[in-house]
Asks: 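Following this message is one structure expressed as structure tokens.
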Amino acid sequence: MFKRLVDIGTPVTFDFEGRPLTAQAGDSLASALLANGVLDFRQAPEDGTVRGPHCMIGNCFECLVEVEGLGTRQACRERVRDGLKVRRHSGRPVPGEQP
Ligand code: FES
């Protein structure tokens, strides 16, 4: 389990899979999800195994999620915002996105 060490930002509420979660403005989406106990961010397209963040610096693409209105995003490179709606990435192409 990940735990926040310092509270420095304004509290924000966002939605993951229909569940309201809290974070602090400026947190990356990946760190906000991890701090809320979410470890599985997506399914591998090859075999459906669950995957989660690995590098936290934008290199591995293991942290892909679907953000409403934005499509597929690397959670470690996206800032959490109040009202953001996020879903696990299915591992399949998102309609309207380039493969
Ligand atoms: S955790 Fe590696 S790209 Fe996001």
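All values below come from the heavy atoms of this structure, side chains included, with hydrogens, waters and symmetry mates left out. Counting starts at 1 for both ligands and their atoms, following the listed order. All of these numbers come straight from a predicted model, not from anything done at the bench.
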Asks: With a 4.0 Å cut-off, would you call R51 and D40 a salt bridge?
Replies: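 The answer is no: the pair does not qualify as a salt bridge.
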
Asks: Between R42 and E66, is the closest basic N to carboxylate O distance under 4.0 Å?
Replies: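 Answer for the salt bridge query: no.
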
Asks: Yes or no on salt bridge (charged side-chain N to carboxylate O under 4.0 Å, His left out) for D27 and R79, after CA distance, side-chain angles and deciding distance?
Replies: CA-CA 6 Å; D27 285 350; R79 294 285 168 211; over 6 Å; no

Asks: Give the atoms of ligand 1, by number and element, whose distance to some non-hydrogen atom of N59 is under 4.0 Å.
Replies: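 What qualifies from ligand 1 is 3 (S).
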
Asks: Of all the atoms in ligand 1, which lie at a distance below 4.0 Å from a heavy atom belonging to H54?
Replies: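 Reading through ligand 1 atom by atom, the close ones are 1 (S).
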
Asks: Quick one: which ligand 1 atoms are inside 4.0 Å of a heavy atom on G58?
Replies: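 Numbered from 1, ligand 1 contributes 3 (S).
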
Asks: Salt-bridged, D15 to R87, with N to O below 4.0 Å?
Replies: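 Answer for the salt bridge query: no.
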
Asks: So, 4.0 Å and heavy atoms of A30: is ligand 1 close enough to count as a contact?
Replies: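 No, that is not the case, since the closest heavy atom of the residue is not under 4.0 Å from the ligand.
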
Asks: Can you tell me the angle formed at atom 2 (Fe) of ligand 1 by SG of C60 and SG of C55, to 10°?
Replies: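 It comes to 110°.
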
Asks: Does CZ in R77 sit with more than 12 non-hydrogen atoms of other residues, nucleotides or ligands closer than 6.0 Å?
Replies: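 No, the 6.0 Å shell around CZ holds no more than 12 heavy atoms from other groups.
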
Asks: Do any N/O/S atoms of C63 come under 2.8 Å of atom 2 (Fe) of ligand 1?
Replies: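 Checking C63: none of its N, O or S atoms is under 2.8 Å.
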
Asks: Answer whether the closest heavy-atom distance between the side chains of P53 and C76 falls below 4.5 Å.
Replies: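 Sidechains of C76 and P53: no contact.
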
Asks: Could you check if a side-chain atom of L34 sits within less than 4.5 angstrom of a side-chain atom of M56, using non-hydrogen atoms only?
Replies: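 Counting from C-beta outward, L34 and M56 do come under 4.5 Å.
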
Asks: Strictly under 2.8 Å, is any N, O or S atom of C76 next to atom 4 (Fe) of ligand 1?
Replies: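 A backbone or side-chain N, O or S atom of C76 is under 2.8 Å from atom 4 (Fe) of ligand 1.
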
Asks: If you have a sec, work out which protein heavy atom is nearest atom 1 (S) of ligand 1 and how many Å separate them, to one decimal?
Replies: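 The closest one turns out to be M56 N, 3.1 Å.
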
Asks: Any idea which atoms of ligand 1 are less than 4.0 Å away from a heavy-atom of P53?
Replies: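 Per the distance check, 1 (S).
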
Asks: Counting heavy atoms only, which part of R77 comes closer than 4.0 Å to ligand 1: side chain, backbone, both or neither?
Replies: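 Neither part.
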
Asks: Which atoms of ligand 1 are found less than 4.0 Å from any heavy atom of Q74?
Replies: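 Those qualifying, in numeric order: 3 (S).
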
Asks: Hey, any chance L70 and V65 share a hydrophobic cluster, counting ILVMFWY side chains that come within less than 4.5 Å of each other, even indirectly?
Replies: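 Same cluster.
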
Asks: Please state which protein non-hydrogen atom is closest to atom 3 (S) of ligand 1 and give its distance, to 0.1 Å?
Replies: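 Scanning the protein heavy atoms, the shortest distance from atom 3 (S) of ligand 1 goes to F61 N, 3.1 Å.
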
